[in-house]
There are 2 protein chains.
Amino acid sequence: MQQIKFERIPRATISRLAVYVQELEVMEQQGIRVISSEKLAHLCGVNPSQIRKDLAYFGEFGVRGVGYYVHELREAIRQSLGLDRTWNVVLVGVGNLGRALLRHNLFRKRGFVIVAAFDCDPFKIGEEIAGLEGSCTSKLPKSTRDMNVEIGIIPTPPERAQRAANYLIEGGIKGIVNFAPSRISTPENISVEYVDFINHMFSVAFNITQKQVRGLL
Amino acid sequence: MQQIKFERIPRATISRLAVYVQELEVMEQQGIRVISSEKLAHLCGVNPSQIRKDLAYFGEFGVRGVGYYVHELREAIRQSLGLDRTWNVVLVGVGNLGRALLRHNLFRKRGFVIVAAFDCDPFKIGEEIAGLEGSCTSKLPKSTRDMNVEIGIIPTPPERAQRAANYLIEGGIKGIVNFAPSRISTPENISVEYVDFINHMFSVAFNITQKQVRGLL
DNA sequence: CCGTGTATGTTAAAAAATTCACTATGCAGC
DNA sequence: GCTGCATAGTGAATTTTTTAACATACACGG
């Protein structure tokens, strides 16, 4: 009796579901067939209720008294997140980070296919990385439309992120993942995610300092 | 009258403070001297009260009726986060991503100095990247202790993340930033942050799908 | 030196997210 | 087919986080 729900789904839930998928995949490889919310929770470092609640947004995937069938649950989450398809992606900014991402095979493994790479630097244009030839950013908007690209990745230095975003917006992109440590402004209907690792370095640094301060009390 | 507070500081606050610092730096470069919480909030995409609240955890940095002095505020936040010093960092896993991070100059600019890089792959050991020679992971624990390293970065494939973490733990590290898409288990006293960009790709993909579904209603 | 305007710091209210506690349900064994 | 057991699903309670509202303090002009 899978009642479709229209509750707003918390951003944090989505991010946790992604973690669940990852852990479920590991289990599947290890041949584990069934898992309880309690065990999965332990592995993911969250509360068991949290898992059950997160899943409840999308349906009932478990069997009471038994747990969740690993493969089935993984598929169910993937489907819920819209990952049971491939997504065309472009990358703007072929610097160190951009190159690393181009060569990063986890994208493709998860259904994100980088179909083009762009850069404004003439030295990088035409260079081939991971079977892909860098093009001039001015060609971006047309390319993305022609190739039906929905997601753009921005691994530029911070000062060039907004420009990259503008090209992507012009190209009719629907979502952006910004690796540059600077906020970008976009129209409402474009979904933006920030991958800001300096930010995470800060957090760790802060936590360490905090612990030391606490220790002195 | 700067009353020191012992309230627990939300993780989200820390992450926002990092964003504020970034935006304040941009402003400083542009020669902007004073900023109101309202304008800063707009730039960072948050609520003005949020900013004032976040700052209140650490002290009073503004001038009523005026706003915040950009440079002063930036320094105050940096100090609050423990960023007014340098941190020795090591990197475990010299793959595509690891190399890119080694070459990424934003780390150093923010006070995170990568003092050593390790890999278990003999082909990568001895190779020099960004002025740093990769060493065998077995040497890690001693090195980190000798060099007074506090933070470890893990840009390995997921299946090797835990092993990398174990070496770091053995090396007496205090914090870990894990770029691998897999959870790692560590002692309580070690602070771990996850930089999981596949996760962010998932979020964007989900948001796009969600919007399309909503649009059909 | 006092009044006025403005934007902070702070407290209270609202909203959101997490956790708890309980209910319901499917399975295994008898 | 019934009984006991284990664990999912769920509504309520709690906690946390965010937002709003307002009192306070500082700068500036007259």
Side-chain angles (χ1 to χ4, degrees), chain A residues 1-20 23-24 27 32-77 80 203, chain B residues 1-20 24 27 32-74 76-77 80 203:
Chain A
M1 213 0 207
Q2 188 157 322
Q3 170 77 32
I4 301 158
K5 301 184 181 143
F6 291 106
E7 270 179 272
R8 215 190 102 278
I9 293 156
R11 169 185 228 68
T13 290
I14 302 306
S15 156
R16 279 191 299 266
L17 286 171
V19 174
Y20 306 158
E23 290 302 322
L24 288 167
M27 278 178 232
I32 299 168
R33 288 287 169 77
V34 183
I35 185 97
S36 67
S37 60
E38 187 160 343
K39 289 210 186 96
L40 182 57
H42 182 74
L43 282 167
C44 298
V46 302
N47 182 296
S49 304
Q50 184 90 81
I51 292 193
R52 300 202 293 273
K53 182 131 275 186
D54 284 341
L55 295 175
Y57 286 112
F58 298 96
E60 301 189 8
F61 308 121
V63 182
R64 298 180 191 205
V66 177
Y68 300 92
Y69 292 104
V70 174
H71 179 78
E72 205 176 278
L73 180 58
R74 173 175 161 257
E75 278 309 307
I77 299 179
S80 304
S203 291
Chain B
M1 238 291 255
Q2 187 157 325
Q3 171 76 32
I4 302 157
K5 300 181 183 148
F6 291 105
E7 269 178 272
R8 215 191 100 276
I9 293 156
R11 169 184 226 69
T13 290
I14 302 305
S15 156
R16 279 191 300 267
L17 285 171
V19 175
Y20 305 159
L24 288 167
M27 278 178 231
I32 299 168
R33 288 286 170 79
V34 183
I35 185 95
S36 66
S37 59
E38 187 161 345
K39 290 208 185 99
L40 181 58
H42 182 74
L43 283 166
C44 299
V46 302
N47 183 296
S49 303
Q50 184 92 80
I51 292 192
R52 299 203 294 273
K53 188 80 184 245
D54 285 341
L55 296 175
Y57 285 112
F58 297 96
E60 302 189 7
F61 308 121
V63 182
R64 296 182 190 202
V66 178
Y68 301 92
Y69 292 103
V70 174
H71 179 78
E72 203 175 280
L73 180 58
R74 173 175 161 259
I77 299 179
S80 304
S203 290

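Every chain is numbered from 1, with letters handed out A, B, ... down the list of sequences.
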Original post:
Under 4.0 Å between a side-chain N/O of B:Tyr57 and OP1 or OP2 of D:dT17, yes or no?
Top reply: no

When rounded to the nearest 0.5 angstrom, what distance separates [atom1] in [X] from [atom2] in [Y]?
X: A:Arg52; Y: A:Tyr68; atom1: CZ; atom2: OH; result: 6.5 Å
X: B:Tyr20; Y: B:Leu40; atom1: OH; atom2: CG; result: 7.0 Å
X: B:His71; Y: B:Leu73; atom1: NE2; atom2: CG; result: 10.5 Å

Whole-Å distance separating the [atom1] atom of [X] from the [atom2] atom of [N]:
X: A:Ile35; N: D:dT7; atom1: CD1; atom2: C1'; result: 13 Å
X: B:Ile9; N: D:dT17; atom1: CD1; atom2: P; result: 11 Å
X: A:Glu60; N: D:dG11; atom1: CD; atom2: C1'; result: 14 Å
X: A:Phe61; N: C:dG26; atom1: CZ; atom2: C1'; result: 18 Å
X: A:Tyr20; N: D:dA8; atom1: OH; atom2: P; result: 13 Å
X: A:Leu55; N: D:dA8; atom1: CG; atom2: P; result: 10 Å
X: A:Lys53; N: D:dG11; atom1: NZ; atom2: C1'; result: 7 Å
X: A:Asp54; N: D:dT10; atom1: CG; atom2: C1'; result: 14 Å

**OP:** With sequence neighbours left out, write down each residue that passes side chain to side chain contact (heavy atoms under 4.5 Å, CB included) with B:Thr13, or none if nothing qualifies.
**Re:** B:Ile9, B:Pro10, B:Arg16, B:Leu17, B:Asp54, B:Tyr57

Original post:
What residues form a side chain to side chain contact (heavy atoms under 4.5 Å, CB included) with B:Ile32, not counting sequence neighbours?
Top reply: B:Met27, B:Gln30, B:Val70

**OP:** Under 4.0 Å between any heavy atoms, over every strand shown, what does B:Arg16 touch: base, sugar-phosphate, or nothing? Just pick one.
**Re:** sugar-phosphate

All N/O donor-acceptor pairs, side-chain side in residues 42-49 of chain A, below 3.5 Å, sequence neighbours left out:
{"from": "A:Asn47", "atom 1": "OD1", "to": "A:Ser49", "atom 2": "N", "distance (Å)": "2.7"}
{"from": "A:Asn47", "atom 1": "OD1", "to": "A:Ser49", "atom 2": "OG", "distance (Å)": "3.3"}

**OP:** List for me each residue that meets side-chain hydrogen bond (donor to acceptor under 3.5 Å, both in side chains) alongside B:Ser15, sequence neighbours excluded, and say none if there are none.
**Re:** none

**OP:** List for me each residue that meets side-chain hydrogen bond (donor to acceptor under 3.5 Å, both in side chains) alongside A:Ser80, sequence neighbours excluded, and say none if there are none.
**Re:** none

Original post:
By salt bridge (charged side-chain N to carboxylate O under 4.0 Å, His left out), which residues pair with B:Arg33, not counting sequence neighbours?
Top reply: none

Subject >> Set of residues satisfying salt bridge (charged side-chain N to carboxylate O under 4.0 Å, His left out) with respect to B:Glu38, sequence neighbours excluded >> reply: none

Original post:
In residues 36-52 of chain A, which residues come under 4.0 Å of DNA chain D by heavy atom?
Top reply: A:Ser36, A:Ser37, A:Arg52

Could you list, one pair per line, each protein nitrogen or oxygen that sits under 3.5 Å from a nitrogen or oxygen of nucleotides 24-30 of chain D, together with the distance?
{"from": "D:dT24", "atom 1": "O2", "to": "B:Arg64", "atom 2": "NH1", "distance (Å)": "2.7"}

**OP:** Mind grabbing the angle between the end helix axes of the helix from C:dC1-D:dG30 to C:dC30-D:dG1? Five pairs an end, 10° rounding.
**Re:** 10°

Subject >> Residue pairs involving residues 63-74 of chain A (criterion salt bridge (Lys or Arg N to Asp or Glu O under 4.0 Å); sequence neighbours excluded) >> reply: A:Glu25-A:Arg74, A:Glu28-A:Arg74

